[in-house]
There are 2 protein chains.
Amino acid sequence: MSLGHTEVTTTALFDLAESGEDCGIRDVLDRLGDKWSVQVVVELSRGVRRFRELQRALPGGISQRMLTLTVRRLERDGMVSRTVHPTVPPRVDYELTDLGRSLAHLVRTLTDWSLQHHDAILDHRARWDAAQPPE
Amino acid sequence: MSLGHTEVTTTALFDLAESGEDCGIRDVLDRLGDKWSVQVVVELSRGVRRFRELQRALPGGISQRMLTLTVRRLERDGMVSRTVHPTVPPRVDYELTDLGRSLAHLVRTLTDWSLQHHDAILDHRARWDAAQPPE
DNA sequence: CGGAATCCTACGTGATACTG
DNA sequence: CAGTATCACGTAGGATTCCG
């Protein structure tokens with residue numbers, strides 16, 4: 001499947017405000033920034049989910065391919081555990097790990113911030129757009 | 001320049017864990033997730049910066065085009081103020097707004113979390129990669 | 001059911017050249 | 001200096017098909 005092993009993603013050195021060190025924030029942002037990871041983490045924070053359950057639960061309609069890629073990447077990073085039950089038909093359960101639950105808390109912080117400031121952002125946008133070249 | 005007005009980015013409804021409401025988290029994540037915004041915010045959190053200053057300060061080497069796009073989007077969202085001094089040669093100062101400083105705090109939270117868990121993530125990745133089909 | 005493999009497209013990003 | 005305009009490219013993501 002090739003999830004693009006680490007050499008690719010570890011491009012980013014990043015220099016933080018007071019503590020002038022780089023950190024792995026790029027790895028985290030790459031996951032948070034993609035289209036589905038956050039939604040998957042949120043849904044899994046509600047409990048164990050099977051593959052199709054997860055797919056149907058996500059608003060917007062994720063494709064099988066993207067759901068597979070997303071849970072695989074989360075699993076690779078240790079956020080999600082994947083349990084295959086050798087039954088027929090097959091059954092695969094996905095669940096947040098401790099690390100994943102920690103990430104869920106972080107996501108919670110993000111959503112809280114978004115809720116608080118989203119209106120202000122949209123407001124600024126509207127003003128900025130209005131001030132742009134009438135074209 | 002067309003920064004893709006709001007219709008495009010407001011695709012995401014998003015359902016949060018306990019509070020089953022959607023919020024503007026997608027707008028925020030789109031900005032946090034792109035390649036340069038976080039670095040720009042961090043650099044600006046250190047003080048006012050001119051265009052070239054900003055460009056030279058960013059590790060990795062951002063192109064003029066991407067720096068322009070990045071600061072424009074941040075300005076559009078109300079995170080950054082842009083001040084043009086009508087001198088020759090021109091001088092343009094960029095500075096975080098209150099909203100931008102609030103975002104900087106959020107970024108701080110993100111980097112802290114990353115610092116705490118990055119090792120664990122890399123660890124899991126190494127293990128996952130090693131466990132993969134030897135191909 | 002839970003994928004993998006393949007093909008295709010849109011968009012984010014980079015490189016380069018030009019301008020006031 | 002601080003941009004804008006063009007082109008060119010890689011890749012995230014979607015649609016479809018096939019498999020155990």
Side-chain angles (χ1 to χ4, degrees), chain A residues 1-5 7-9 11-12 26 29-40 48-75 80-95 132-133 135, chain B residues 1-5 7-9 11-12 26 29-40 48-75 80-95 132-133 135:
Chain A
M1 172 177 287
S2 171
L3 290 185
H5 287 196
E7 330 88 39
V8 195
T9 36
T11 348
R26 182 44 49 190
L29 288 179
D30 284 344
R31 209 77 11 252
L32 293 177
D34 70 26
K35 193 169 178 180
W36 300 106
S37 292
V38 168
Q39 292 191 40
V40 167
V48 181
R49 292 291 186 271
R50 301 180 56 174
F51 188 85
R52 303 293 295 202
E53 271 182 335
L54 205 41
Q55 185 176 21
R56 280 188 292 262
L58 299 190
I62 187 174
S63 62
Q64 287 198 351
R65 167 183 154 79
M66 285 316 297
L67 182 54
T68 302
L69 279 175
T70 303
V71 291
R72 283 293 188 284
R73 292 191 285 227
L74 289 171
E75 188 196 0
V80 165
S81 71
R82 179 171 172 269
T83 315
V84 182
H85 299 83
T87 62
V88 46
R91 173 201 179 99
V92 180
D93 286 340
Y94 293 93
E95 187 175 11
Q132 272 333 87
E135 179 187 5
Chain B
M1 169 177 287
S2 171
L3 292 184
H5 288 197
E7 331 88 39
V8 196
T9 36
T11 346
R26 182 44 48 189
L29 288 179
D30 283 345
R31 210 73 14 250
L32 293 177
D34 70 26
K35 193 169 177 178
W36 299 107
S37 292
V38 168
Q39 291 191 39
V40 167
V48 181
R49 293 289 185 273
R50 302 180 55 174
F51 189 85
R52 301 294 295 200
E53 270 181 335
L54 205 42
Q55 185 176 20
R56 280 187 290 262
L58 299 190
I62 187 175
S63 64
Q64 287 197 352
R65 167 183 154 76
M66 284 315 298
L67 182 54
T68 302
L69 279 175
T70 302
V71 292
R72 282 293 188 285
R73 292 191 286 226
L74 288 171
E75 188 197 1
V80 163
S81 71
R82 178 170 173 271
T83 316
V84 182
H85 300 84
T87 61
V88 43
R91 172 199 181 102
V92 180
D93 286 339
Y94 291 93
E95 188 176 11
Q132 268 338 81
E135 177 194 10

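We use all heavy atoms of the structure for the numbers below, so side chains are in, but hydrogens, waters and symmetry mates are not. Residue numbers begin at 1 in each chain, while the letters A, B, ... track the order of the sequences. Predicted model, so just to flag it, every value in this text is computed and none were measured.
Of all heavy-atom pairs spanning B:L32 and B:V38, the tightest one is O-CG2, 3.6 Å. Across all non-hydrogen atoms, the minimal contact from A:L67 to A:F51 is CD2-O, 3.5 Å. In plain terms, the two heavy atoms of B:V48 and B:E53 that are nearest each other are O-OE1, 4.2 Å.
Atom pair B:L54:CG and D:dG3:C1' shows a separation of 14 Å (rounding to whole Å applied). The interatomic distance linking B:E53 (CD) with D:dG3 (P) rounds to 13 Å, in whole Å. When rounded to the nearest whole Å, the span between CD1 of A:I62 and C1' of C:dG3 equals 13 Å. If you measure from atom CZ of B:R56 to atom P of D:dG3, you get 14 Å, rounded to the nearest angstrom. Going from atom CE of A:M66 over to atom P of D:dA15 covers 12 Å, rounded to whole Å. The distance from atom CG of A:L67 to atom P of C:dC1 is 14 Å, rounded to the nearest whole Å. Following rounding to the nearest Å, B:D30 (CG) and D:dA12 (C1') show an atom-to-atom distance of 13 Å. Computed from coordinates, the A:Q55 CD to C:dG2 P distance equals 9 Å when rounded to whole Å.
For the OP1/OP2 pair of D:dC1 and a distance below 4.0 Å, the side-chain nitrogens and oxygens of B:Y94 include no atom meeting the criterion. A sub-4.0 Å separation between OP1 or OP2 of C:dG2 and a side-chain N or O of A:R50 is present. OP1 or OP2 of D:dG13 has at least one side-chain nitrogen or oxygen of A:R73 nearer than 4.0 Å. At the phosphate of C:dA4, OP1 or OP2 sits under 4.0 Å from a side-chain N or O atom of A:R72. Of the side-chain N and O atoms in A:R82, one or more sit less than 4.0 angstrom from OP1 or OP2 of C:dG3.
Here the nucleotide nearest the side chain of A:P90, chosen from C:dC1, C:dG14, D:dC1, is C:dC1. Comparing D:dA2, D:dG3, C:dA4 by their nearest atom to the side chain of B:R91 picks out D:dA2.
Partner B:R50 forms a side-chain contact (heavy atoms from CB on, under 4.5 Å) with one of B:R91, B:R56, B:H85 and no other, that one being B:R91.
Nearest-nucleotide assignment on DNA chain C puts the 5′-proximal partner with A:P89, out of A:R65 and A:P89. Toward the 5′ end of DNA chain D lies the nearest nucleotide of B:R52, the other residue of the pair B:R52 and A:G33 mapping further downstream.
Taking a cutoff of 4.0 Å between a charged side-chain nitrogen and a carboxylate oxygen, B:R73 and B:D30 do not qualify as a salt bridge.
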